[in-house]
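For reference, the structure is listed below as C-alpha cells.
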Amino acid sequence: MTQPPVATKLPKKEFAQRRQQLMAMMEPNSIAIVPAAQVKVRNRDCDHAYRQDSDFIYLSGFEEPEAVLVLAPGREHGEYVLFCRERDRDMEIWNGYRSGPEGAVKDFSADDAFPIGDLNEILPGLIEGRERVYYAMGNQPEFDRQVMDWVNTIRSKVRTGANPPGEFIDLDHLLHDMRLFKSKAEIKLMQTAADMSVAGHIRAMQVCQPGMMEYQLEAEFHHEFTRCGSRSPAYTTIVGGGANGCILHYIENNAQLNAGDLVLIDAGAEYQYYAADITRTFPVNGRFTEPQRALYDLVLKAQLAAIRMVKPGQHWNDPHEATVKVITKGLVALGLLTGKIDELIASEAYRQFYMHRAGHWLGMDVHDVGDYKVGGEWRVLEEGMVLTIEPGIYVAPDDNTVDEKWRGIGIRIEDDVLVTAKGRKVLTAGVPKQADDIEVLMAAAQKQRKKQRKK
Ligand code: GLY
Ligand code: MN
Ligand code: MN
C-alpha cells in the first residue's frame with residue numbers, strides 16, 4: 001500500500017440502524033444505558049491515549065470521554081439521548097475540541113442531549129416508570145454504583161407514586177450478538193485494517209537482519225501501518241526472537257535478534273475502531289534451518305486445514321479440531337510425540353506444544369465479543385462473522401523430553417478469515433506464509449540492500 005486510504009467513517013445511518021435494531025429487540029417498556037470508556041491515568045498528570053468503549057462507539061460513533069448513551073424506546077422527546085461534556089473555550093484550547101450537547105444532536109443524530117454534569121438530575125427521571133434496565137454490570141464499578149444510586153433514588157420515592165424498575169438485563173447479550181455479524185461497511189473497514197497490517201508484516205520481513213533489536217522490528221511495523229492511516233495498533237505488538245517466540249504473550253520486545261533463530265511477530269493495526277490480527281514467523285537471516293522448516297510446514301499445514309473448515313454450517317470448533325489432528329499426527333511423524341494418534345488427541349498430549357485454541361472472533365475488539373456456544377452447543381458459522389485462525393507449535397527451551405534440535409522453536413501463523421455466503425475470504429492473505437515465498441521475499445530485500453551499500 002503506497003498511499004494512506006481515504007479515512008472512511010461508517011455512514012450515520014448505520015449507527016441509526018444499529019440503535020433501531022437494538023431497541024426493536026429490547027423488552028417492552030425498558031431502557032438501555034451505556035457509559036463511555038473512562039480516561040486512564042498513565043502516570044501523574046499524563047493519561048493513556050483515549051480509546052472509546054467499543055459498545056459505546058458501535059451505537060453512537062461518538063469518540064469523547066465523559067459521556068453516557070441512553071436508549072429509551074417510545075420516549076416522547078426522543079428515544080436516543082446523549083449526555084456529554086459541554087463546550088468550554090478554555091478547556092478546548094488546552095485539551096481539544098468538544099462537541100457539546102448541540103454537536104451531539106447536530107453531528108451524531110442524538111434526539112436529545114444534555115451536559116454530563118446534569119446526569120444525576122436527569123437520568124433517574126428517564127429510568128422512572130421503565131420496568132427493565134439493560135445495562136452491562138461489572139465493567140465500570142463506579143458507574144455500577146451510580147446506576148444503583150439512581151434506582152435507589154426512585155425506590156425511595158415509591159410512596160409518592162414513583163415506579164422503580166423491577167429488573168436488570170445484561171445488555172451484552174443482545175448487543176454482542178449484533179456485533180458478531182459484520183455489515184458490508186464494517187467488512188470494508190476490517191479489510192483496510194488488514195491491508196495496513198499486511199504492509200507492516202511485509203516491511204518487517206524485508207528489513208529484518210541479525211543484530212537488530214526486537215523493538216526495532218516493532219518500530220518498522222508501526223511505522224508502516226501508521227503511514228498507511230492507522231492511529232494505533234489493535235493490541236500490544238509481540239516480537240519474539242528465538243525462544244521468546246515460545247512465550248505466547250511476549251511483549252517486552254527488548255532482545256537482540258540472532259542469525260539462526262526464528263522471529264515471531266504477532267501484530268495488527270486498528271482502523272476506525274476495527275482490528276486486524278496477524279502472526280507470521282520467519283528466519284531472522286532469511287533462511288529456515290531444517291528443524292525450523294519441518295515444524296513451520298506442519299503449523300502451516302494445520303492452519304490451511306483449519307481455514308478450509310471455515311464456511312457456513314461448520315461449527316466453531318471444527319477448525320480447532322482440524323489443527324489438533326494435523327499437529328498431533330505431524331508431531332508423531334517428527335518424533336516429538338509417541339503413541340497412537342487417537343489416544344494422544346483424547347489425552348490432549350499435543351498441549352505440551354500447542355496449548356491455545358485455533359482462534360477467536362475478530363471485530364472492534366481483537367478478542368471480539370459474541371458467544372462461542374449457543375444452548376451448550378458450538379456455534380454454527382454464518383456469513384458475516386470474522387474469526388482468526390492461528391495454530392502454533394512452541395517447544396520450550398528446557399523441554400528435555402524432545403531432541404535438542406527442536407528446543408526453543410516457537411511458531412504461530414495467524415490470518416483473519418471472513419465467513420462468506422459460500423465459504424470464506426482470508427482478509428490477510430497478502431503476507432506470504434509458504435516458507436519458500438518468505439525466503440524469496442527476504443532474499444530479494446537482502447540483495448537490494450547489498451546493491452544500495454555498493455552505490
Ligand atoms: N494477538 C492476540 C491473539 O492473537 O490472540
Ligand atoms: Mn489472535
Ligand atoms: Mn495475534
Side-chain angles (χ1 to χ4, degrees), residues 10-37 52-62 64 67-84 99 101-116 118-140 143-144 146-155 157-158 161-181 183 185-186 364 369-371:
L10 289 173
K12 277 186 196 177
K13 73 170 190 304
E14 185 142 342
F15 293 104
Q17 277 164 359
R18 291 167 177 177
R19 292 190 295 269
Q20 287 305 327
Q21 191 183 339
L22 179 61
M23 285 194 277
M25 290 192 293
M26 285 161 59
E27 297 276 344
N29 201 19
S30 58
I31 186 169
I33 303 171
V34 186
Q52 186 56 279
D53 174 78
S54 296
D55 285 338
F56 190 95
I57 204 95
Y58 183 80
L59 292 171
S60 67
F62 193 75
E64 295 179 31
V68 175
L69 175 150
V70 177
L71 295 178
R75 179 173 171 264
E76 200 181 324
H77 299 293
E79 298 180 314
Y80 170 31
V81 184
L82 209 48
F83 292 84
C84 62
S99 293
E102 321 81 276
V105 171
K106 189 167 146 282
D107 302 324
F108 294 90
S109 313
D111 297 320
D112 209 357
F114 301 100
I116 189 73
D118 294 350
L119 191 66
N120 274 323
E121 213 173 293
I122 294 172
L123 200 53
L126 297 180
I127 297 173
E128 202 270 320
R130 303 263 166 182
E131 286 170 40
R132 299 170 189 86
V133 179
Y134 283 84
Y135 174 67
M137 197 70 81
N139 294 333
Q140 293 190 26
F143 199 83
D144 291 353
Q146 254 181 301
V147 173
M148 289 318 299
D149 283 348
W150 294 321
V151 171
N152 285 333
T153 304
I154 304 167
R155 282 181 185 149
K157 293 181 183 152
V158 280
N163 220 342
E167 199 182 348
F168 275 93
I169 304 180
D170 191 14
L171 179 65
D172 289 358
H173 190 66
L174 294 181
L175 194 53
H176 291 178
D177 213 61
M178 287 171 59
R179 280 179 50 191
L180 181 56
F181 294 87
S183 69
E186 288 182 290
M364 302 185 86
V369 294
D371 292 333

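For reference, positions follow the sequence shown, starting with 1. All values below were derived from every heavy atom in this structure, side-chain atoms included, with hydrogens, water molecules and symmetry-related copies excluded.
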Review point. Could Arg130 and Glu27 be called an ion pair, given the rule that one side-chain N must be under 4.0 Å from one carboxylate O?
Key: no
Point to revise | Pairing of Lys106 and Glu102 as salt bridge, 4.0 angstrom limit | key: no
Review point. Which heavy atom of Glu79 sits nearest a heavy atom of Asp111, and at what distance?
Key: N-OD2, 3.0 Å
Practice item. Given side-chain contact (heavy atoms from CB on, under 4.5 Å), test Leu71 with Tyr134 step by step and report yes or no. Key: CA-CA 9 Å; Leu71 295 178; Tyr134 283 84; over 6 Å; no
Practice item. On the 0 to 90° scale, with breaks at 30° and 60°, tag the Phe143-Tyr135 ring pair as parallel, tilted or perpendicular. Key: tilted
Review point. To the nearest 0.5 Å, how far apart are CE in Met23 and CE in Met26?
Key: 7.5 Å
Exercise for review: Would you name the heavy atoms of Ala104 and Leu82 that are closest together and state the gap between them?
Suggested key: CB-CD2, 3.8 Å
Practice item. Work out which heavy atom in Val105 is nearest to a heavy atom in Ala113; give both atom names and the distance. Key: CG2-CB, 3.8 Å
Review point. Residues in side-chain hydrogen bond (donor to acceptor under 3.5 Å, both in side chains) with Thr153, at least two apart?
Key: none
Study note, to complete from the structure: Taking every heavy atom of Ile154 against every heavy atom of Pro124, the minimum-distance pair comes out as CD1-O, 3.4 Å
Review point. So, the side chain of Asn29 versus the backbone of Gly129: is there a donor-acceptor pair under 3.5 Å, distance only?
Key: yes
Revision key, fill the gap. Residue set satisfying ring pair (Phe, Tyr, Trp, His ring centres under 6.0 Å) with Phe108, at least two apart, ordered chain then number -> Phe62
Exercise for review: Can you see which heavy atom on Gly138 is nearest to which on Asp144, and at what distance?
Suggested key: N-OD2, 2.8 Å
Review item, side-chain donor-acceptor pairs of residues 171-180, under 3.5 Å, at least two apart:
residue	atom	partner	partner atom	Å
His176	NE2	Asp55	OD1	3.1
His176	NE2	Asp55	OD2	3.0
Asp177	OD1	Arg379	NH1	3.1
Asp177	OD1	Arg379	NH2	2.9
Arg179	NH1	Asp55	OD1	2.5
Arg179	NH2	Asp365	OD2	2.8
Arg179	NH2	Asp368	OD1	3.0

Point to revise | Any donor-acceptor N/O pair, Glu167 side chain to Val133 backbone, under 3.5 Å | key: no
Revision key, fill the gap. In terms of heavy-atom contacts, Arg19 and Ser60 come closest through NH1-CA, 4.1 Å
Review point. Looking at side-chain heavy atoms only, is the closest gap between Phe168 and Arg132 below 4.5 Å?
Key: no
**Study point:** Check: Asp118 main-chain N/O paired with Glu121 side-chain donor or acceptor under 3.5 Å
**Key:** no
Practice item. Check side-chain hydrogen bond (donor to acceptor under 3.5 Å, both in side chains) between Glu64 and all other residues, then give those that pass, not counting sequence neighbours. Key: Arg85, Ser99
Review point. How would you list, by chain and number, every residue that makes a side-chain contact (heavy atoms from CB on, under 4.5 Å) with Phe114, sequence neighbours excluded?
Key: Arg75, Val81, Phe83, Asp112, Ile122
Check your understanding: Excluding sequence neighbours, so at least two apart, what forms ring pair (Phe, Tyr, Trp, His ring centres under 6.0 Å) with Tyr80?
Key -> none
